[in-house]
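Working notes for the structure below.
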Amino acid sequence: MDVGTIAAGSTPVRLESAAACAMLAAAAAAAPDEACGLLFGEAAHIREASIAANRSPTPASRFEIDPAHLFDAQRRHRAGPERLVGCWHSHPNGNGCPSRQDREGVADMGWLWLIVADGRIHAWRPTPAGFEAVAIAGGSL
């Protein structure tokens with residue numbers, strides 16, 4: 001699997017500018033540590049990106065979404081109308097590709113993963129072989 005290419009026929013993900021701005025600002029503020037949060041909307045339309053505390057004991061190289069934040073998000077998901085559709089985090093090292101730790105941390109194969117790196121947002125979907133790149137509608141952010 002080549003994580004640097006977009007799968008043929010994949011549907012681009014639409015990302016609201018407010019969600020993109022929130023992630024970019026949180027990533028800049030957290031550097032040199034990783035920032036993280038959750039994504040709300042629909043499978044192909046991210047309307048909101050939440051900002052969570054990174055509870056990893058090694059936040060410069062890993063992320064762990066605050067369990068209370070995740071619990072609240074799951075409750076919100078059940079109440080609707082917005083759905084919890086994925087997570088996001090930053091890579092302060094500038095690499096927009098999923099890391100080995102990212103691959104090991106996938107708990108829900110249906111989630112979209114966004115990675116903020118070097119001032120850009122990269123979209124990925126987990127697959128049994130790793131990750132598959134997903135286009136962001138309107139170009140790369």
Side-chain angles (χ1 to χ4, degrees), residues 1-7 9-141:
M1 179 205 65
D2 179 5
V3 298
T5 59
I6 296 172
S10 78
T11 302
V13 170
R14 187 168 149 210
L15 178 61
E16 292 293 331
S17 62
C21 289
M23 289 183 285
L24 291 166
D33 291 341
E34 292 192 10
C36 60
L38 297 167
L39 304 170
F40 294 90
E42 301 163 12
H45 186 181
I46 305 305
R47 289 191 175 87
E48 181 184 340
S50 71
I51 311 302
N54 182 352
R55 297 295 184 210
S56 170
T58 55
S61 60
R62 297 188 80 118
F63 79 99
E64 182 181 324
I65 294 171
D66 179 27
H69 187 86
L70 185 55
F71 181 76
D72 288 343
Q74 290 168 338
R75 191 174 348 170
R76 179 178 165 191
H77 171 86
R78 285 191 301 274
E82 296 293 338
R83 309 216 16 109
L84 176 58
V85 295
C87 65
W88 73 272
H89 69 288
S90 62
H91 280 180
N93 65 9
N95 185 347
C97 293
S99 66
R100 179 180 52 79
Q101 292 91 343
D102 293 337
R103 289 180 190 98
E104 292 169 355
V106 173
D108 188 328
M109 294 294 283
W111 274 18
L112 180 69
W113 282 56
L114 299 185
I115 297 175
V116 178
D118 211 19
R120 297 181 68 178
I121 300 172
H122 309 266
W124 303 92
R125 287 206 189 280
T127 69
F131 280 90
E132 174 181 276
V134 176
I136 296 175
S140 179
L141 294 174

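Keep in mind that the numbers below use all heavy atoms, side chains included, and drop hydrogens, waters and symmetry copies.
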Item to check | CA sep, side-chain torsions, deciding dist, call: L39, V85, side chain to side chain contact (heavy atoms under 4.5 Å, CB included) | outcome: CA-CA 6 Å; L39 304 170; V85 295; 4.1 Å; yes
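Taking 4.5 Å as the limit, every side-chain heavy atom of H45 sits out of range of all side-chain heavy atoms of V13. The shortest distance between side-chain heavy atoms of H122 and C97 does not fall below 4.5 Å. The shortest distance between side-chain heavy atoms of I115 and W88 does not fall below 4.5 Å. In this structure, the side chains of V116 and L24 come closer than 4.5 Å at one or more pairs of heavy atoms. Taking the side chain as every heavy atom from C-beta outward, E34 and P59 never approach each other to under 4.5 Å. For the pair L84 and F40, the minimum side-chain heavy-atom distance is below 4.5 Å. Side-chain contact between P128 and M109 is present, with heavy atoms from C-beta onward closer than 4.5 Å. Considering only heavy atoms from C-beta on, R125 stays 4.5 Å or farther from W113 through its side chain.
Using a distance-only test at 3.5 Å, with no hydrogens or angles considered, no donor-acceptor pair links the side chain of D66 to the main chain of A53. No donor-acceptor distance shorter than 3.5 angstrom exists from the side chain of S90 to the backbone of A117, with no hydrogens or angles considered. A distance-only check finds a donor-acceptor pair linking the side chain of S56 to the backbone of T58 [under 3.5 Å].
Under the salt bridge (charged side-chain N to carboxylate O under 4.0 Å, His left out) criterion, D118 pairs with no residue, sequence neighbours left out. When the side chain to side chain donor-acceptor pair (under 3.5 Å) test is applied to W111, the partners found at least two apart in sequence or on another chain are D108. For H91, the ring-ring contact (aromatic ring centres under 6.0 Å, His included) partners are H89, not counting sequence neighbours. The side-chain contact (heavy atoms from CB on, under 4.5 Å) test applied to A30 returns A35, not counting sequence neighbours. Under the side chain to side chain donor-acceptor pair (under 3.5 Å) criterion, N95 pairs with no residue at all, not counting sequence neighbours.
Listed by first and then second residue, the salt bridge (Lys or Arg N to Asp or Glu O under 4.0 Å) pairs involving residues 76-97 are R47-E82, E48-R76 (not counting sequence neighbours).
To the nearest 0.5 Å, the span separating CH2 on W124 from CG on D102 amounts to 10.5 Å. Note that the CD atom of E64 and the CG atom of L70 stand 10.0 Å from one another [nearest 0.5 Å]. Between the CG atom of L38 and the CG atom of D72 there is a distance of 10.0 Å, given to the nearest 0.5 Å. Atom SG of residue C36 and atom CD1 of residue I65 lie 5.0 Å apart, to the nearest 0.5 angstrom. Put simply, CD1 on I46 and CE on M23 are 8.0 Å apart, with the number rounded to the nearest 0.5 Å.
Taking all atoms of both residues into account, the shortest heavy-atom contact from P126 to V106 is CB-CG1, 3.8 Å. Of all heavy-atom pairs between P32 and P92, the closest is O-CG, 3.4 Å. The heavy-atom pair separating A22 from A49 by the smallest distance is CB-O, 4.2 Å.
A salt bridge is defined here as a Lys NZ or Arg NE, NH1 or NH2 lying under 4.0 Å from an Asp or Glu carboxylate O, and R14 with E16 meets this definition.
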